[in-house]
Asks: 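First the structure, which I've put down as structure tokens, then a few questions once you've had a look.
Just so you know, these numbers come straight off a predicted model, no measurement behind them. All values below come from the heavy atoms of this structure, side chains included, with hydrogens, waters and symmetry mates left out. The residues of the chain are indexed from 1 along the displayed sequence.
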Amino acid sequence: MASTVADRQLAPEHAPRKGWIDHWDPEDSTFWESTGRSIARRNLIFSIVAEHLGFSVWVLWSIVAVNLDSVGFAFTESQLFWLVAVPNLVGATLRLPYTFAVPKFGGRNWSIVSALLLLLPSLGLAWAVSNPGTSFGTMLAIAALAGVGGGNFASSMTNISWFFPEREKGWALGLNAAGGNIGVAVVQAPFVVSAVLTAGAGIHLGRAGLMWVPLALLAAFCAWRFMDNLSVARTDFASSASAARRPHTWVMSFLYIGTFGSFIGYAAAFPLLIKGQFPEVDVTAYAFLGALVGSLSRPFGGRLADRVGGARVTAAAFVVMGLGVLGVVWALSLHSFGLFLAFFMLLFLATGIGNGSTYRMIPAIFKTQSDDDKSAKRQAAAVVGIAGAIGAAGGVLVNYVFKLSLEGSKTLTPALTAFLVFYGLCLATTWWFYLRRNVFATRPSLAYAGV
């Protein structure tokens with residue numbers, strides 16, 4: 001009974017199946033104002049709930065890893081980085097099948113399943129950390145299960161992209177993504193997971209997994225009760241194959257490595273970076289701030305893209321990210337935690353804005369690539385999954401580069417230099433494909449690409 005009685009009264013002939021809506025046309029202003037908007041908002045709210053929990057579980061090991069030594073584990077710094085990086089890798093890989101799950105099973109139905117899958121990493125973590133003798137290989141396998149939370153993002157974004165009209169996609173997708181991204185900040189906040197771990201005497205790491213079990217069950221129930229499946233939400237393999245042949249698919253995937261890959265990579269590594277570079281600082285007091293800033297700024301990136309152009313906002317984000325990296329290098333040379341924190345916050349702010357603007361560009365670009373509006377939407381939905389998977393894989397690279405930098409030179413400077421060069425490449429790519437003065441002369445169809 002995901003659709004309300006009022007919804008059925010407005011369009012009884014279009015919703016004969018329980019939980020399914022067979023007619024959906026948000027571009028029709030009459031339909032949108034009378035019926036569509038309220039349904040879309042309801043689905044957005046509970047999509048955010050499920051995605052938020054997915055992100056929380058996905059990055060749970062970022063806060064667990066820094067506490068393992070406190071309960072008797074003796075893993076090396078390199079092993080700790082792998083425990084943080086592997087969930088990113090698995091989550092990136094799962095984003096492609098999760099994208100196809102929405103058209104195959106329905107957005108509501110898959111939201112139920114994806115919420116229930118969060119029980120596996122939550123219970124697995126509680127079991128693994130209960131015994132300090134648990135091997136690193138076993139611990140790594142349990143950490144990999146957290147990747148199911150990362151897959152939630154792709155299915156949630158694909159689902160919500162069908163509910164809203166083009167003129168409101170940037171803001172809606174930004175809100176949906178921000179609600180998920182902020183799960184990273186919640187996990188790392190001192191008044192949430194850390195407070196649960198330290199309640200009473202000592203540290204109880206098993207609670208870091210157990211606390212999400214009732215919440216995952218609640219999210220599954222809310223998805224069953226309040227969300228809808230859309231019959232028009234169809235992204236078949238033919239559409240994906242067609243999207244894969246479009247150069248813009250890979251351009252946008254590359255840019256999303258720079259924005260989202262940076263966000264999730266920095267967010268996962270930030271607690272370890274603080275602990276390694278400033279051991280005198282209380283990690284739990286500051287680790288969550290970066291993810292919080294990056295999450296809250298994401299919808300504003302989408303809104304700015306709606307108003308002034310996605311490519312312009314994306315390019316500006318890469319410029320600010322480059323400045324943030326230079327600032328972090330300077331802060332480390334002075335061993336100033338205050339400057340280190342301030343410039344990392346600037347980095348997180350820019351990644352969040354860039355996340356919102358790049359995702360807004362995708363449906364805008366693909367709207368111009370086909371005369372068939374349904375085909376364009378299906379291709380855009382496929383690209384959301386492809387770009388989301390590749391972007392999340394960028395988070396693994398961020399952690400791996402940090403690990404190599406610390407092992408090789410014992411400093412973060414080589415890693416930060418590599419990131420600076422990469423952001424320069426991202427800026428050049430954005431300019432070449434979407435901001436050059438004569439780009440419309442050679443590709444006038446990109447005039448709607450948010451430039």
Side-chain angles (χ1 to χ4, degrees), residues 24 26-27 32-33 36-56 58-59 95 98-99 102 107-108 110-111 114-115 149-150 152-187 219 222-223 226-228 230 233 256 259-260 263-264 267 291-310 313-314 317 348-364 377 380-381 384-385 387-388 391-392 450:
W24 191 257
E27 303 299 340
W32 179 247
E33 295 300 331
R37 186 187 298 276
S38 61
I39 298 175
R41 285 179 174 174
R42 170 162 47 79
N43 278 270
L44 175 61
I45 289 170
F46 292 101
S47 173
I48 289 174
V49 170
E51 189 191 347
H52 174 88
L53 292 177
F55 261 88
S56 297
W58 189 24
V59 299
R95 285 188 169 193
Y98 269 58
T99 297
V102 170
R108 164 184 177 261
W110 188 250
S111 293
S114 62
N152 283 15
F153 178 84
S155 55
S156 179
M157 294 292 278
T158 299
N159 183 42
I160 291 302
S161 71
W162 287 94
F163 275 95
F164 286 82
E166 288 295 329
R167 63 186 178 275
E168 296 187 28
K169 267 187 169 58
W171 181 244
L173 291 176
L175 283 176
N176 190 57
N181 291 174
I182 208 169
V184 182
V186 168
V187 164
C222 288
F226 299 111
M227 293 184 71
D228 302 287
L230 293 182
Y256 203 55
T259 57
F260 183 77
F263 168 78
I264 197 65
L292 180 65
V293 170
S295 301
L296 294 179
S297 63
R298 181 161 186 159
F300 294 100
R303 176 60 62 88
L304 281 172
D306 284 338
R307 294 182 177 182
V308 304
V313 177
T314 299
F348 277 109
L349 176 70
T351 62
I353 290 174
N355 285 337
S357 61
T358 51
Y359 249 50
R360 176 63 185 94
M361 290 170 69
I362 292 173
K377 287 184 176 181
V384 164

Asks: Which atoms form the tightest heavy-atom contact between Ser357 and Thr314, and what is the distance?
Replies: OG-OG1, 2.8 Å
Asks: What are the two closest heavy atoms between Trp162 and Trp24, and how far apart are they?
Replies: O-NE1, 3.2 Å
Asks: How about Phe164 and Leu44: do any of their side-chain heavy atoms sit closer than 4.5 Å?
Replies: yes
Asks: At what distance, to the nearest 0.5 angstrom, does OG of Ser155 lie from CD of Glu51?
Replies: 8.0 Å
Asks: Tell me if a side-chain donor or acceptor on Asn43 pairs with a main-chain N or O of Ile39 at a distance below 3.5 Å.
Replies: yes
Asks: Over 60° means perpendicular and under 30° means parallel, so classify the ring planes of Phe153 and Phe260, tilted if in between.
Replies: parallel
Asks: Can you tell me if CZ on Phe300 sees more than 12 non-hydrogen neighbours from other groups inside 6.0 Å?
Replies: no
Asks: Do you know which two heavy atoms are closest between Phe348 and Thr351, and how far apart they sit?
Replies: O-OG1, 2.8 Å
Asks: What's the shortest heavy-atom distance between Ala392 and Trp58, and which atoms?
Replies: CB-CH2, 4.1 Å
Asks: Assess Arg108 against Phe46: is NZ or CZ under 6.0 Å from the centre of the six-membered ring, and within 45 degrees of the ring's axis?
Replies: no
Asks: Give the C-alpha distance, both sets of side-chain angles, the deciding distance and a yes or no for side-chain contact (heavy atoms from CB on, under 4.5 Å) between Arg298 and Ile182.
Replies: CA-CA 10 Å; Arg298 181 161 186 159; Ile182 208 169; over 6 Å; no
Asks: For Ala185 and Ala291, which heavy atoms make the closest approach, and how far apart are they?
Replies: N-CB, 3.5 Å
Asks: Going from CG on Leu173 to CD1 on Ile362, what distance comes out if it is rounded to the nearest 0.5 angstrom?
Replies: 9.0 Å
Asks: In the structure I gave you, are the side-chain heavy atoms of Glu168 and Trp32 within less than 4.5 Å of one another anywhere?
Replies: yes
Asks: Can you tell me how far apart OG1 (Thr99) and CH2 (Trp110) are? Round to the nearest 0.5 Å.
Replies: 11.0 Å
Asks: Would you give the length of the straight line joining atom CG of Asn181 to atom CG of Asn176, rounded to the nearest 0.5 angstrom?
Replies: 9.5 Å
Asks: Pair Ile264, Val184 - check side-chain contact (heavy atoms from CB on, under 4.5 Å), show working.
Replies: CA-CA 9 Å; Ile264 197 65; Val184 182; 4.3 Å; yes
Asks: Is a donor on one side and an acceptor on the other found under 3.5 Å between the side chain of Ser297 and the backbone of Leu349?
Replies: yes
Asks: What closest approach, in Å, do Gly54 and Asn152 show between heavy atoms, and which atom pair accounts for it?
Replies: CA-ND2, 3.6 Å
Asks: For residues Ser47 and Ser156, is any side-chain donor paired with an opposing acceptor at under 3.5 Å?
Replies: yes
Asks: Compute the ring centroids of Tyr359 and Tyr256, then answer whether they are less than 6.0 Å apart.
Replies: yes
Asks: Answer yes or no: is there a donor N or O on one side and an acceptor on the other, between the side chain of Arg360 and the main chain of Asp306, under 3.5 Å?
Replies: no
